[in-house]
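Both ligands and their constituent atoms are indexed starting at 1 by order of listing.
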Amino acid sequence: DFVINLLKHPTFLSNEYTTKFIDTTPELFNFRKRRDRATKILTYIADITVNGHPETAGRPKPPAEARQPKPPALRAEPAPGTRNLLLEKGPQAVADWMAEQKRVLITDTTMRDGHQSLLATRMRSIDMIRVAPAYAANLPQLFSVECWGGATFDVAYRFLQECPWQRLRDLRAAMPNLMTQMLLRASNAVGYTNYPDNVVREFIRQAAETGVDVFRVFDSLNWVENMRVAMDAVIEQNKVCEGTICYTGDILDPDRAKYDLNYYVNMGKQLRDAGAHILGLKDMAGLLKPAAARVLIKALKEEVGLPIHFHTHDTSGIAGATILAAADAGVDAVDAAMDAFSGGTSQPCLGSIVEALRHTERDTGLDIGAIREISNYWEAVRAQYAAFESGLQAPASEVYLHEMPGGQFTNLKAQARSLGLEERWHEVAQAYADANKMFGDIVKVTPSSKVVGDMALMMVAQGLTREQVEDPNVEVAFPDSVVDMLRGNLGQPPGGFPEGIVKKVLKGEKPMTDRPGKHLPPVDLEETRRKLSEELEGFKVDDEDLNGYLMYPKVFLDYMGRHRIYGPVRTLPTRTFFYGMEPGEEISVEIDPGKTLEIRLQAVSDTDDKGDVKVFFELNGQPRVIRVPNRM
Ligand code: BTN
Ligand code: 3PY
Ligand code: ZN
């Protein structure tokens with residue numbers, strides 16, 4: 001293959017074959033490229049088999065008899081869906097069509113918020129891509145499939161050793177008739193602090209190009225001023241801009257007057273005027289109660305006039321009732337997770353919402369048989385991720401005290417565990433509520449939720465009360481994220497941050513109250529690409545890689561370093577990825593479309609006197625031995 005590629009290469013054909021050619025096209029001179037990739041994957045399997053995966057060490061294991069997830073059969077060719085409408089008529093036509101529907105439209109969140117909220121965002125692409133064709137063929141009436149953004153971007157590179165862009169590309173291709181949807185943290189993009197405007201714009205351009213159709217854009221302090229750059233960029237890409245309100249407090253509670261009905265209606269109008277095609281209502285903690293939903297949805301419908309897309313979490317156990325109340329009040333679309341990935345800190349149960357609305361005016365039109373088949377697949381997938389289950393056993397009305405987002409809950413619990421505070425979880429919950437009040441009662445959603453969480457953990461760990469933290473005479477070393485937020489780097493909450501705490505945290509330094517992006521100089525994209533390529537020894541940095549690096553420079557470089565050693569491990573079955581193989585076990589790994597490796601693990605040797613273990617494989621019938629250090 002190498003020789004043929006070389007002979008056909010245009011530079012070779014034009015007789016410019018010099019040593020320079022070797023330097024500028026190293027990929028062609030990688031003689032054993034294919035074999036190398038197989039060797040890399042075998043090295044990964046051998047290492048995990050011998051040493052285990054650090055992320056699953058000491059955690060519950062999937063049951064030995066857990067069945068392999070098997071995607072459902074395709075019932076038909078994919079019928080035209082919302083994506084066809086978007087491609088043919090544009091985003092405004094999608095919004096108009098939405099408003100005309102009698103039925104409640106449904107977004108499936110399983111591939112994004114579902115696993116972010118239940119499994120610490122650890123679901124791997126292969127488990128999504130295998131079922132995506134069944135969504136396209138069997139559920140073409142879905143409004144959209146939320147499958148990208150939020151924490152999934154960072155976790156893909158950081159923990160799953162895979163490229164988030166490739167996930168998006170593959171899902172896009174497998175669901176040509178359905179709109180894909182992402183969660184975008186406005187100026188924070190998919191990160192934890194504001195980026196320069198041109199970085200935000202470039203990220204959105206690339207996300208639209210690689211395959212996002214609906215952008216749910218929110219700001220973690222509900223500051224519309226700080227959402228405009230992102231919203232404008234989505235609109236410029238001719239994609240659906242879902243300008244989003246984050247819901248906190250309780251509009252029916254006179255003691256939470258800061259976030260009353262008027263506040264939300266006003267914000268809805270600002271988002272409409274900023275160009276949103278759809279109004280998102282994001283109840284990230286699941287605080288909107290049924291009676292309040294009736295009032296809020298009705299008012300937003302009447303006074304804003306945009307179609308409304310409602311998102312909530314079932315942490316309290318009452319989200320299903322809120323969805324039905326929202327449906328009564330005229331909501332246009334709602335989010336739900338496939339049954340096996342629903343409930344608790346995730347979205348309410350998709351199949352049950354479909355059943356509850358059947359034979360009513362607002363019947364969703366989705367096929368419950370198709371939903372059950374897809375959910376059965378997800379049930380088998382979830383079993384593979386036992387290591388990442390939170391162990392939350394029951395609904396928790398405590399959410400109305402702490403107001404933690406569903407996507408943060410399990411993560412903060414894990415952080416508490418790592419600090420030895422797991423037994424004191426209810427104190428963490430109380431401290432979270434206290435920290436929120438101390439910051440002036442703010443919206444808590446990534447990244448502001450992380451700031452409140454960091455503060456709460458510190459208060460419990462150090463035994464500090466709110467009074468002590470606020471007392472100018474008590475010395476407190478605040479977490480970096482708190483300093484960053486009070487400096488104004490996440491933007492401004494309604495009414496600003498309380499003066500006292502700002503003064504104490506910043507020790508008199510003056511905070512910025514402008515939009516942070518106004519002061520962040522633009523990044524020179526081509527210069528960054530050039531330097532990155534140099535750092536990666538001539539690796540050709542494409543636009544997706546560049547955007548990954550701009551979001552998370554260190555995470556991206558670490559990912560690239562591991563990619564060099566282990567190759568395309570995203571193609572491994574999930575069980576193999578986290579637990580390696582057993583002697584006698586055989587797997588098929590499709591490393592490229594139509595290029596499959598048949599891998600059999602024959603035996604594992606004892607550890608030799610150098611501390612190494614030999615792992616004996618058969619690769620496509622040929623014996624291969626890989627030696628790895630035993631680090632256990
Ligand atoms: C939130 O803070 O509101 C959402 C939390 C999402 C956390 C994900 S989980 C793994 C990754 N690592 C982090 O530190 N955060 C993200
Ligand atoms: C995220 O930004 O990741 C969220 O899920 C916020 O709810
Ligand atoms: Zn959510």
Which ligand 2 atoms are under 4.0 Å away from a heavy-atom of [X]?
X      : result
Leu183 : 1 (C), 2 (O), 4 (C), 5 (O), 6 (C)
Thr446 : 1 (C), 2 (O), 3 (O), 4 (C), 6 (C)
Met284 : 7 (O)
Val445 : 6 (C), 7 (O)

task = Give the atom name of whichever N/O/S atom in His311 sits closest to the Zn ion (ligand 3).
result =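 Looking at His311, the N, O or S atom with the least distance to the Zn ion (ligand 3) is NE2.
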inquiry  = Restricting to N, O or S atoms, which atom of Asp113 is closest to the Zn ion (ligand 3)?
reply    =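 Looking only at N, O and S atoms of Asp113, the one nearest the Zn ion (ligand 3) is named OD2.
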For [X] and [Y], I'd like to know if the aromatic rings sit close, meaning centre-to-centre distance below 6.0 Å.
X      : Y      : answer
His309 : Phe143 : yes
His115 : Phe388 : no
Phe341 : Tyr385 : no

Lys/Arg cation over aromatic Tyr400: Lys289, 6.0 Å, 45° cone =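 Satisfied, under 6.0 Å and within 45°.
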message = Could you tell me if Arg185 sits above the aromatic ring of Tyr192, with its cationic atom closer than 6.0 Å to the ring centre and no more than 45 degrees from the axis?
response =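 Yes, Arg185 and Tyr192 form such a contact.
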For ligand 2, is there an atom lying under 4.0 Å from some heavy atom of [X]?
X      : result
Lys282 : yes
Ala151 : yes
Arg112 : yes
Gly407 : no

task = Determine the minimum heavy-atom distance between Cys163 and Tyr157, stating which atoms define it.
result =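 That would be CA-CE2, 4.2 Å.
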key: Backbone or side-chain N or O of Gln116 under 3.5 Å from ligand 2 N or O   =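 Gln116 vs ligand 2: N/O contact under 3.5 Å present.
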task = Inspect the surroundings of CD in Glu236 and state if more than 12 heavy atoms from other residues, nucleotides or ligands are less than 6.0 Å away.
result =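 Result for CD/Glu236: open.
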ask   = Would you say Ile318 has more than 12 foreign heavy atoms packed within less than 6.0 Å of its CD1?
value =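 Open.
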Arg185 contact mode with ligand 2 (heavy-atom cut-off under 4.0 Å) =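 Under 4.0 Å from ligand 2, Arg185 contributes side-chain atoms alone.
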